[in-house]
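Below you'll find the structure, written out as structure tokens, and then a few comments.
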Amino acid sequence: MKKPKVRELLEAARILAAGPATLPFPGAPSPAPPKARGRPIFHERDCVGCGTCAEVCVGKAIDMRDEGTVRRLLIRYDSCIQCGQCEAWCITGKGIRVEPEYDLTTYDRESIRDAVEKDLVLCEGCGAAIGCADHLAWVAEKLRTGAFASPTLTLVHLAKLGLGRATGDKIHLDGRGDRMRVLCARCRRPASLL
Amino acid sequence: MNLALRALARSPWVFHLSTGSCNNCDIEVLDCLTPRFDVERFGILLAPSIRHADVLLVTGSVTRQSVIRLRRLYEQAPKPCLVIAVGTCACSQHFFRESYHSAEPVDRIVPVDVYVPGCPPKPEAIIVGAVKAIAKLRGGSVHVG
Amino acid sequence: MKTKIPIGPYHPLMEEPESFLLDVDGDRITGIDVRLSYNHRGIEKLSEGRTFEQVPFIVERICGICSNSHPYAYVLAFEDLAGIQVPERAQYIRTIVAELERIHSHFLWIGLAGHFLGYNTVFMWAWKHREDILDAFEAISGNRQNYAVMCPGGVRWDIDDDARRLIAEKIDAIEPKARLFLKAICDDPVLHARLRGVGVLPKEDAIAYGALGPTARASGLAIDVRRDHPYGAYDRVEWDVCVEGGCDVLAKAMVRARENIESIRIIRQCLRDLPPGPIRVEPEEAPAGEGIGHVEAPRGECFHYVRSDGGNRPIRHKVRAPTFMNLPTCQVTVPGMTLADTTIVLAAIDPCYCCTERTVVVRRDGSRVGWGDLVRLSREKTERLCREIRRPER
Amino acid sequence: MSGDRTIARERIESGVREGLGRRCLALAWSSRERLWIDIEPASIRDAVACMCRRLGARLATATGFDAADAFEVLYHFAFDAEGIVATLRVRIQDRERPEIDSVADFLPSANWIEREIYDILGIRFRGHPDPRRLLLSDDWPEGVHPLRRKA
């Protein structure tokens, strides 16, 4: 009986000497390590609005909606399980980033969200959304000279660089003369073939 | 603020209820009691019965089998009773929304005062949640009923 | 006097809901019945709606304590199905993470067992030391739990030199504590008086009920998936399977305490031998077919079956958690015990209901003896034993 | 190690062929450690008894699967000494009243496994000692089984 007690008393003395183990939180901040997965935040500058994050989100916390000429990506932190898939699959790698910020406590769960809005490029033939201007420009830059094969990509990219006008009013398609226009895949077919 | 409320704010007793969680949030809640975080220094104690508790702490995604129990426990709680939803499951059910055995998120069943999202939330976040709950109580905007 | 006593499903300390119905004659338990469902969340069905890439995040949330074992078993099943060879470095990282998880889980159990026996100091100490492991996890993977380390074809997070140093540091810090607990379980007379001969699961019953992990190994059944069906880097490091012949709760505690030491040994060797190279291969399209993966979770074998029709989602994903097999052994271990011993006997298998039901929660109404009362009974017994043991020394 | 494994594979394969005889409809290895055996539903009790008693396997679990045209039940056995997982597959053709013999009376570990399969797929196990609901909630409607495919 004595030996084990001596051993445990020694341990207790050691712990006593080591000082309190309790963090001073919330009196003092207790930052998470830099790699910690807290809440993901959109970065407007690097996000191209492709919607990959919404696609891979396991908790279906990211909602993508096209309204008029704007695409809106919305992340709801009350549904986010902080798995980091959105950051891992982000095509630019920087459009949505998981920050080590863990304090999301709130009185109203509708209030904890983050959103980004991106301009859409609409088809001049039918008015359907083709994609975000930044996304198409990003693709054009990836393809380099290959992008010239697609008038849509080229026009959007040039407009992005301040050269010319990409989107215009809706037009009535009448054959090959409309090839050099911003068109969706469906309108591209008659414009190229007829 | 009356005396009972003031006493409550100084030492809230918490009843912990898991409505179908993965255990992580529950362990982090227990972790708050251990030396590193030690919420007992704020007078927060785990209560053995809901009838002794001031705070109902709910974790988990609310399964079909537990939903009646959650409702009944809230009815049995002495009022005012604060409800804290800990973890993303309790806040919104995230992917368990699509499950055949899930009921509704906690806040559709009982009024929730503070949400602590996170999967699991760090014990620090749970402490912040408790602090916010007490602040709300002091502000007097708690569901009394 | 014969009575029926329901326990649970909600009680103050056990973090999960479960419901036991005990048949009691006086102070003796004559029968036990278990009701699940409170924690059933339908994960197997949810899996079918996700891509193979997303499933690990779902199975990770089956259970918080085994939040590495379930994804591990799943990725092994997927790799068995798709015939993927995982890079060597990933195998080592997987092994390190799995063993870290085992240490944190066993410390958690030791703490809870201490609490049930009325040794709250043990609870506080064990959980305090466990924080070190969680810190290591947070530094490697970004989360204290739900590490998201496993992915089909490898691992998501690398262990760089900093992380390696950190893990080594944390392991060095926790080793004397693990040894302290081991010694205490070996020679503490109160623990022996309290646990020896309690909750006996004979070897034949362990086999018949298909007991797994520490529950089986404490009954002299030398099974361990890590050795019998080698995966990860377990066949490249030296370690021993911990088997005890006592069949009682003490033996289960011994197995867990000894496994801590073995886990530390495994991690040290893995950190030393960590080979360079890539940490994952991109999995190709999964062919139609089926695969099986199983790993030794802290509680026993965790078994996953995945079936694919050639698409990007599983058409069937079966999960069998260790507690599903271990819990029915309470039919053998609990009857004959006194009420005061029930808590520790039930806790001895380290039950994990969220795993078992992969998904739910339960509770019985009417007059009930709460788990709290049982814990109190258990503590009173320890105190009595303490006094009795102390007396002859005076 | 690999040499031992080859001998163990042969031993188990011949053991299965001898023990099951003509009841074994097909036998295939998908990898070095995974054996798949097809049998008729009628011979399930003999087959499980053979695996557990004669060959010393441990019943790891059983998986129920709704294969649209039939129900499949896969009994997974682990041979721990040999490092092999063998799976017995039965196909139950009757979609209206899927039934199979229970093995829980002589194998307690199958008790919960079979109750679970009944809950999620509605396959009835004839002669089960305790066929109560295990996983689903008290208010779950009778006759609805969540893992069945929609017709």
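The chains referred to below are lettered A, B, ... by the order of the sequence lines, with proteins before strands, and numbering in each begins at 1. The analysis underlying the following values was restricted to heavy atoms, covering all of them including side chains, and did not include hydrogens, waters or symmetry mates. Quick caveat, the model's predicted, so the values are computed rather than measured.
Looking at C/R61, both its backbone and its side chain come within 4.5 Å of chain B, counting heavy atoms on both sides. Using a 4.5 Å cut-off between heavy atoms, C/E138 touches chain B through its side chain atoms alone. Contact annotation for C/I58: both backbone and side-chain heavy atoms come within less than 4.5 Å of a heavy atom of chain B.
Between C/R144 and B/E124 there is no salt bridge, since no side-chain N of the basic residue sits under 4.0 Å from a carboxylate O of the acidic one. Here C/K128 does not pair with B/D38 in a salt bridge; the nearest charged N to carboxylate O distance is not below 4.0 Å.
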Quick one: do C/R130 and B/T34 satisfy side chain to side chain contact (heavy atoms under 4.5 Å, CB included)? Show the steps, please. CA-CA 10 Å; C/R130 193 179 144 265; B/T34 59; over 6 Å; no
After noting the C-alpha distance and the side-chain angles of C/R50 and B/E98, does the key distance pass the side chain to side chain contact (heavy atoms under 4.5 Å, CB included) rule? CA-CA 11 Å; C/R50 304 293 154 140; B/E98 300 157 21; 2.7 Å; yes
Show the numbers, then the answer: is there a side chain to side chain contact (heavy atoms under 4.5 Å, CB included) between C/Q54 and B/F95? CA-CA 11 Å; C/Q54 286 176 324; B/F95 53 69; over 6 Å; no
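With contacts defined as side-chain heavy-atom distances shorter than 4.5 Å, the pair B/C22/C/I62 does not qualify. Here the side chains of B/H101 and C/L46 are not in contact, with every heavy-atom distance at 4.5 Å or above. Taking the side chain as every heavy atom from C-beta outward, C/W127 and B/L33 never approach each other to under 4.5 Å. Proximity of B/N23 to C/C66: side-chain heavy atoms (C-beta onward) are nowhere separated by under 4.5 Å.
Note on B/C119, B/S102, B/G60: by heavy-atom pairs under 4.5 Å with chain C, the leading option is B/C119.
Environment of CZ in B/R41: crowded, with over 12 heavy atoms of neighbouring residues, nucleotides or ligands closer than 6.0 Å.
Of the inter-residue distances, the one linking C/C63 atom SG with B/N24 atom CG reads 7.5 Å to the nearest 0.5 angstrom. For the atom pair C/Q145 CD and B/C25 SG, the distance stands at 9.0 Å (nearest 0.5 Å). Put simply, CG on B/L30 and CG on C/L112 are 7.0 Å apart, with the number rounded to the nearest 0.5 Å. Expressed to the nearest 0.5 Å, how far CD of B/E28 lies from CG of C/L134 amounts to 6.5 Å.
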